[in-house]
2 protein chains.
Amino acid sequence: MTSANQVKKTGNIRAKSQMKILIAARTEFVLQGYRGATVQSIADRAELPKANILYYFKNKDNIYQAVLEHTLEMWDEGIGDIDPNQGPKVAIEKIIEAKVRMSFRHPEASKIYAMEIIQGAQHLKDYARTYQRQWVREKAKLFQHWIDNGEMANVDPVHLIFLIWSATQHYADFETQILTIMNRADFEEEDVEKVIAFLSDIILRGCGLI
Amino acid sequence: MTSANQVKKTGNIRAKSQMKILIAARTEFVLQGYRGATVQSIADRAELPKANILYYFKNKDNIYQAVLEHTLEMWDEGIGDIDPNQGPKVAIEKIIEAKVRMSFRHPEASKIYAMEIIQGAQHLKDYARTYQRQWVREKAKLFQHWIDNGEMANVDPVHLIFLIWSATQHYADFETQILTIMNRADFEEEDVEKVIAFLSDIILRGCGLI
DNA sequence: TAAGTTTCTGACTAACTGGTTAACAATTAA
DNA sequence: TTAATTGTTAACCAGTTAGTCAGAAACTTA
């Protein structure tokens, strides 16, 4: 009975192994899909025997569930929140910057999330229905307030959020395509800054904020 | 020896069965992924015995390949081309409209394409490297020309194309999420028009064209 | 040290999967 | 009609996969 708040040596080895497995599993799930990622392939990538994987997670579905949760936690932490007092320009800039940095730093997190949604979001219907819908409503309300105050152009706030999400996540999810088209092997730090500048520029101007 | 340009009754039954299989397969591949979609599940959806599926396509990989090709053909037809003489405003409007309509009409096509790219585009590396890179270069050149002529704001043309792609495809790939957030069961015709208007408006203004 | 607990692992199995085959049915062509 | 081609299908098989299990090893605690 290793409860969550007990921190013992045994707890550490458990947590460490689980994290190692989660990271290996995430990569496998992204590369091969849920069914294509076998427990054996996850084990190989984590450099552990297969039976060990199933000692820490009772089955494959459990691993996937844990990977998803781990991804969502990371996501929420990375985005932070908006200060209503800072006005629309800074708010949009901050969201764009945070999301672009996340996309370039953790493309796999974005990818596994994207695949889950594309396939119908069977494992996180609740997440979208409760937490995410709430988040969008709050932010949309804020934008609407700024619009009513004449602080930005009259654009649909919900679709504006979709636009920011799609444009920023694109660099993670479609990195293969983007790199190929740009004839590059990898992204560099200056690409990140360029994308932030580009998207901020065009979206802010699109919202009448420049 | 049923050659492609021969149109016989036997050719018709073949083409009909193959199309039925392709449509069933596309849905299965989207819902379950490549590995998760079994030949049996495709057969069930197509309402044909499994052996019949493997009579028309010699193996599973072949089916997937055919689904991808069918998708890309549809895509290319749907986008059409830009007339360089029409100026940046009409050009961007037309691309946005075409892509948004495609996304709402054929979300599965967009989804299967997205999944393929996310997973590393193993089956269409060549497509991106040749055809798509060419397309982007051509269009980027056109935009750059308009920028140099002072006909639109100085935004990076390649990233502009990425922005348009991501923003429009988002409505197909993430339809589940979007519907949930908007608390809707399905999209309606007026949603399509609203998205076209929204994206045109914000992106055109972002490009200094309004 | 001894007992108890956690970690580790090879070997096994039941279920499933892609693909084959062989026989049969329907259609077409001569 | 007859022969050939095309379409249809059940039954089968070899390989793979998730998950089990029993026992060994390592570590913790008293």
Side-chain angles (χ1 to χ4, degrees), chain A residues 1-68 122-123, chain B residues 1-68 122-123:
Chain A
M1 52 100 241
T2 311
S3 75
N5 43 10
Q6 247 177 323
V7 181
K8 302 198 277 182
K9 274 177 192 166
T10 54
N12 273 334
I13 203 173
R14 189 169 197 91
K16 240 182 201 171
S17 292
Q18 284 181 327
M19 189 52 67
K20 208 164 146 190
I21 293 165
L22 282 186
I23 291 170
R26 188 177 57 196
T27 303
E28 282 300 312
F29 284 132
V30 168
L31 290 177
Q32 314 289 343
Y34 177 78
R35 201 64 177 286
T38 66
V39 177
Q40 186 62 62
S41 71
I42 294 170
D44 291 347
R45 189 174 289 272
E47 293 179 295
L48 290 171
K50 189 183 91 162
N52 200 313
I53 306 288
L54 290 161
Y55 167 70
Y56 282 112
F57 294 90
K58 74 165 175 290
N59 57 38
K60 188 177 166 180
D61 212 70
N62 238 267
I63 305 176
Y64 182 69
Q65 205 69 247
V67 167
L68 265 187
Q122 294 304 328
H123 298 81
Chain B
M1 48 102 240
T2 310
S3 76
N5 42 9
Q6 246 178 322
V7 181
K8 302 197 276 180
K9 274 177 192 165
T10 53
N12 273 334
I13 204 172
R14 189 170 198 88
K16 240 180 201 171
S17 293
Q18 284 181 326
M19 189 51 67
K20 208 164 146 189
I21 293 166
L22 282 186
I23 290 169
R26 188 178 57 196
T27 303
E28 281 301 311
F29 284 132
V30 167
L31 290 176
Q32 314 289 345
Y34 177 78
R35 202 63 178 285
T38 66
V39 178
Q40 186 62 61
S41 72
I42 294 170
D44 290 347
R45 189 173 289 273
E47 293 180 294
L48 289 170
K50 189 182 87 164
N52 200 310
I53 306 288
L54 292 161
Y55 168 70
Y56 283 112
F57 295 90
K58 74 165 175 289
N59 57 39
K60 186 178 165 179
D61 212 71
N62 238 268
I63 305 177
Y64 182 69
Q65 207 69 247
V67 166
L68 265 188
Q122 295 303 327
H123 298 81

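To find a chain, count down the sequence lines: A is the first, B the second, and so on, and within it residues start at 1.
- One interatomic measurement links the two molecules: CZ of B:Phe57 to P of C:dG18, which rounds to 15 Å at whole-angstrom precision.
- When all heavy atoms are compared, the tightest approach of A:Tyr56 to A:Gln18 is O-NE2, 3.6 Å.
- The distance from the CZ atom of A:Arg26 to the CG atom of A:Leu22 is 8.5 Å, given to the nearest 0.5 Å.
- Between the P atom of D:dT17 and the CG atom of A:Asp44 lies a distance of 11 Å, rounded to the nearest Å.
- Of the side-chain N and O atoms in B:Asn59, none sit less than 4.0 angstrom from OP1 or OP2 of C:dG18.
- To the nearest 0.5 Å, the span separating CZ on B:Arg45 from CD1 on B:Ile53 amounts to 12.0 Å.
- As rounded to whole Å, 16 Å separates atom C1' of C:dT9 from atom CD of A:Glu47.
- One can place NZ of B:Lys58 at 10 Å from P of C:dT20, the figure rounded to the nearest angstrom.
- Dashed line: the shortest gap from a side-chain N or O of B:Arg14 to OP1 or OP2 of D:dT6 is not under 4.0 Å.
- The CG atom of B:Asp61 sits 12 Å away from the C1' atom of C:dG18 (whole-angstrom rounding).
- For the pair B:Asn52 CG and C:dC24 P, the interatomic distance rounds to 18 Å; values are reported in whole Å.
- In this entry the distance linking CD1 of B:Ile21 with P of D:dT9 reads 11 Å, nearest Å.
- Residue B:Leu54 contributes atom CG, which lies 18 Å from atom P of D:dC12 at whole-angstrom precision.
- Ring geometry for A:Phe29 versus A:Tyr34: interplanar angle under 30°, hence parallel rather than tilted (30 to 60°).
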Protein N or O to nucleotides 14-17 of chain C N or O, pairs below 3.5 Å:
| unit_1 | atom_1 | unit_2 | atom_2 | d |
| --- | --- | --- | --- | --- |
| C:dT17 | OP1 | A:Arg35 | NH2 | 3.0 |

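- Considering every non-hydrogen atom in both B:Ile42 and B:Ala24, the closest pair reads O-CB, 3.8 Å.
- The heavy-atom pair separating B:Ala46 from B:Ile21 by the smallest distance is CB-CA, 4.4 Å.
- Here B:Tyr55 does not reach the OP1 or OP2 of D:dT8: none of its side-chain N or O atoms lies under 4.0 Å away.
- The nearest pair of heavy atoms linking A:Arg35 to A:Lys60 is O-NZ, 3.5 Å.
- OP1 or OP2 of D:dT8 sits under 4.0 Å from a side-chain N or O of B:Tyr56.
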